[in-house]
Amino acid sequence: MVIPIFRYILPMSLNTERLDPHYYEVKEKLNMEIEKVNSVELSELCEGISDGTRNAKDFSNEGIPYIKISNIDNKEIQLTNVFYLANYLGVESKAIIKKDDILISKVAAIPKVAIVDEDVEGAIISPDLLRLRPKNLKAKDIIINFLNTELGQLSLKLAVTPSVIPKISIKEIGKLLIPVDEQLASASKYPDSDQVNYKQRLESFYNVDERRYLEDFSPSLIWVSEDLSPDRLDFLYYQQRRTRLHKDFIERSRIEEWVQLNEVVEIVDRTISPSGFKDQTISYIGIKNLNREKWIIHTTYKVPYNTVRSRARYEVKEGDILLGVIGTKVGEKDQPLAIVPNHFTNSIASNVFVVLRTYYLPERYILWCLTHPFVRLQLRIKSRGAVQPFLSIHDLKQVLVPRLPNNKINEIESILERYQGGDHLDIS
């Protein structure tokens, strides 16, 4: 006999995305246990939650370990009977693990949990595994201790979505409530407080209210503007120039010291010679290798040069700055932008970037300049093309950047170094 779901769950509590009775049965049990204690959602304790790659192919007997559910035993990752991949080609960064990540089996019928140690750092996980990346060691301990309890195992069942093979949903697992002490429950509302503080301090040096971006914009006046140029007949160009942000920039550039970008950096135009890399394996940097939140390079791909020959352009060295100049993200907050660390020296960067090499100012200060709202506005204005926007080197040279007093430059350099610190993962 089928028991109607409304017999034991109130209609107002129903979620139209979850009409399976088992979900509400588990949820009711958890509410009775967790409602009496301080708790936070799992997503608040993690930098990210992701699953593995579906792009793994060409397995071999050596190389980069490819971790599957069967390689987790007794809460540890076992490398016996493991498959290997020759390189990271086509593998998303979400599938690459590092020390202190937590792996969870997505398949509900095979409940497994493990912590990543140094021996498997840089390995690649299969799509049947979830990767939790805790924000810090305390968060890691709280998560793993909870998952190893009966209440934790019951919580995982709440994240399972019904299907032929029931699996844990990334969306649902992030909503799991994790019991924590009162102090951590309060702190978790402000994740990575040091990192947030660094970011806010960096943004305070802008002295710009970017929310005024579209103020005073009047589309009806754009096409009769006196500054109409036959060289620029694209709507977005004039739209950007008529924003309040642009007016503020013009005013500030008149009373503050701003210099052209090519006065403080060399825009590298020397590309690699294909003959010098023929039949070689290279460390390749593409957009997917960047952490756009912290402006760092987290990985490189070890690939045969011939497979990326049409895109591989620049050989980089420590301190070089990569700026994406092709695509819809040019000038946006999440624009491709990163500084090259020492362990990626001699890597080859994609042609979606330009390489900037500083003359005398600190690299991180130049990096900060490129995140400035006024600088990003100029990048958007100077980019061309509707389907695939691009920024030419000629236009990039004319972009103005702020030249702050030396004491502020040094302070920005110091803050940004701490903000970025410790996140370069050398798995090349």
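Residues take their numbers from the sequence shown, with the count starting at 1. Hydrogens, waters and symmetry mates play no part in the numbers below; they use all other heavy atoms, side chains included.
Without hydrogens or angle criteria, Asn71 side chain to Lys68 main chain gives a donor-acceptor distance under 3.5 Å. No side-chain donor-acceptor contact under 3.5 Å links Asn410 to the backbone of Asn407. Remark: the backbone N or O of Trp295 is paired with a side-chain donor or acceptor of Gln420 at under 3.5 angstrom. Checking side-chain atoms of Arg133 against main-chain N and O of Asp101 turns up no donor-acceptor pair under 3.5 Å. Arg131 contributes a side-chain N or O that, together with a main-chain N or O of Ile96, makes up a donor-acceptor pair within less than 3.5 Å. Between the side chain of Arg252 and the backbone N or O of Asn207 there is at least one donor-acceptor pair closer than 3.5 Å. Of the possible donor and acceptor atoms, one in the side chain of Glu413 sits under 3.5 Å from a partner among the backbone N and O of Arg364.
Ile282 is listed as a side-chain neighbour of Val303, based on a closest heavy-atom distance under 4.5 Å. Asn55 has its side chain out of reach of Leu89: every pair of non-hydrogen atoms, C-beta onward, lies at least 4.5 Å apart. Within the 4.5 Å cutoff, the side chain of Pro65 has no heavy atoms near those of the Ile77 side chain. Taking the side chain as every heavy atom from C-beta outward, Tyr365 and Val264 never approach each other to under 4.5 Å. At a threshold of 4.5 Å between non-hydrogen side-chain atoms, the residues Pro341 and Ile297 count as touching. Between Glu41 and Leu177 the shortest side-chain heavy-atom distance falls below 4.5 Å. Taking 4.5 Å as the limit, every side-chain heavy atom of Glu363 sits out of range of all side-chain heavy atoms of Glu318. No side-chain heavy atom of Leu290 sits under 4.5 Å from any side-chain heavy atom of Leu337.
Taking every heavy atom of both residues into account, Asn87 and Pro304 meet most closely at ND2-CD, 4.1 Å. Taking all atoms of both residues into account, the shortest heavy-atom contact from Tyr419 to Lys199 is OH-CD, 3.5 Å. Across all non-hydrogen atoms, the minimal contact from Arg313 to Ile348 is N-CG2, 3.9 Å. In terms of heavy-atom proximity, Gly286 sits nearest to Ser350 at CA-CB, 4.3 Å. Heavy atoms only, all atoms of each residue included: Leu129 and Ile67 are closest at CD1-O, 3.5 Å. Residues Trp368 and Pro402 share a closest heavy-atom pair of CZ3-CG, 3.9 Å.
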**Q.** CA sep, side-chain torsions, deciding dist, call: Leu245, Phe374, side chain to side chain contact (heavy atoms under 4.5 Å, CB included)
**A.** CA-CA 7 Å; Leu245 190 66; Phe374 288 160; 3.7 Å; yes

(Q) Applying side chain to side chain contact (heavy atoms under 4.5 Å, CB included) to Asp248 and Val208, what does each step give before you reach the verdict? (A) CA-CA 9 Å; Asp248 290 351; Val208 175; over 6 Å; no

Q: Before giving the answer on side chain to side chain contact (heavy atoms under 4.5 Å, CB included), spell out for Lys382 and Leu396 the whole-Å C-alpha distance, their side-chain angles and the decisive distance to 0.1 Å.
A: CA-CA 8 Å; Lys382 292 182 180 296; Leu396 182 60; over 6 Å; no

Q: In sequence, state the C-alpha distance, the side-chain angles, and the governing distance for Leu356 and Val354, and then conclude on side chain to side chain contact (heavy atoms under 4.5 Å, CB included).
A: CA-CA 6 Å; Leu356 309 180; Val354 292; 4.1 Å; yes

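Between atom CD of residue Gln378 and atom CZ of residue Arg380 there is a gap of 10.5 Å, rounded to the nearest 0.5 Å. Note that CD1 of Ile124 and CD1 of Ile64 are 4.5 Å apart. Values are rounded to the nearest 0.5 Å. Atoms CG and CD, on Asn136 and Glu47 in that order, are 9.0 Å from each other to the nearest 0.5 Å. Note: Asp395 CG to Leu379 CG = 10.5 Å, rounded to the nearest 0.5 Å. Remark: Thr345 OG1 to Glu315 CD distance equals 9.5 Å, nearest 0.5 Å. Between the CZ atom in Phe353 and the CD1 atom in Ile326 there is a gap of 10.0 Å [rounded to 0.5 Å].
Dense packing is recorded around NZ of Lys94, with more than 12 heavy atoms of other residues, nucleotides or ligands lying under 6.0 Å away. More than 12 heavy atoms of other residues, nucleotides or ligands shown are found within 6.0 angstrom of CG on Asp334. Other residues, nucleotides and ligands place more than 12 heavy atoms under 6.0 Å from the CD1 atom of Ile250. The environment of CZ in Phe83 is sparse: at most 12 heavy-atom neighbours from other residues, nucleotides or ligands sit within 6.0 Å. Crowding of Gln280 atom CD: a count of heavy atoms from other residues, nucleotides or ligands under 6.0 Å exceeding 12.
A donor and an acceptor atom, one from each side chain of Thr53 and Glu92, are located under 3.5 Å apart. A donor-acceptor contact closer than 3.5 angstrom links the side chains of Asn262 and Gln260. A donor-acceptor contact closer than 3.5 angstrom is absent between the side chains of Thr300 and Tyr88.
Residues satisfying the side chain to side chain donor-acceptor pair (under 3.5 Å) criterion with Arg292, sequence neighbours excluded, are absent altogether.
Among pairs with a residue in residues 60-80, those fulfilling ring-ring contact (aromatic ring centres under 6.0 Å, His included) read Phe59-Tyr66, at least two apart in sequence or across chains. Legend: side chain to side chain donor-acceptor pair (under 3.5 Å) pairs involving residues 105-117, not counting sequence neighbours, sorted by first then second residue: Asp51-Lys106.
Paired with Val355 under the rule side chain to side chain contact (heavy atoms under 4.5 Å, CB included), one option of Val265, Val316, Leu323 passes, and it is Val316. Screening Leu261, Val401, Leu400 for a side chain to side chain contact (heavy atoms under 4.5 Å, CB included) with Val375, the sole residue that qualifies is Val401.
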